[in-house]
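Just so we're clear, the structure is a prediction, and the values are computed from it rather than from any experiment.
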Amino acid sequence: RTESADGMLSDPDDAPVLATAIVGQANRIVSLNTRDFPIGGEAAGVRFVTPVTFLTELVTRFPAAHLPMQARDAGRRLP
């Protein structure tokens, strides 16, 4: 990817986060701050998702990992 993070987000303070994701070749940014997510939930090939969405994707993609059971055993809850 050669895209720049400048001007892709409504909040310029979020540009360093997107730039880091681009440089690190991340395909997702997980955040509770959805207010400034880009329209369509994606910028420069990076998807913006909430923690609930991300965990749901993990549970769906890796059912053999038994993530809900591991979370329960650790005293946590997954969506």
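When all heavy atoms of Arg28 and Phe54 are compared, the pair lying nearest together is CD-CD1, 3.9 Å.
The CG atom of Asp36 lies 9.0 Å from the CG atom of Asp13; values are rounded to the nearest 0.5 Å. Atom CG of Leu67 sits about 8.0 Å away from atom CG of Leu55, to the nearest 0.5 Å. Atom CD of Glu42 sits about 9.5 Å away from atom CG of Asn27, to the nearest 0.5 Å. Atom CG in Asp11 sits 8.0 Å away from atom CG in Leu9 (nearest 0.5 Å).
Side-chain contact between Phe48 and Ser31: absent, with no pair of heavy atoms (C-beta onward) separated by less than 4.5 Å. The closest side-chain heavy-atom distance from Ile29 to Leu18 is below 4.5 Å.
For the residue pair Thr50 / Thr53, a side-chain donor-acceptor distance below 3.5 Å is found, with atom types taken as modelled.
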| request: Show your working on salt bridge (Lys or Arg N to Asp or Glu O under 4.0 Å) between Arg47 and Glu57 and close with a plain yes or no. | output: CA-CA 12 Å; Arg47 285 188 54 219; Glu57 289 174 358; 2.9 Å; yes
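In the hydrophobic cluster analysis, where Ile, Leu, Val, Met, Phe, Trp and Tyr join through side-chain heavy atoms closer than 4.5 angstrom, Phe62 is grouped together with Val59.
Distance alone, capped at 3.5 Å, is enough to place a donor-acceptor pair between the Gln70 side chain and the Ala65 backbone.
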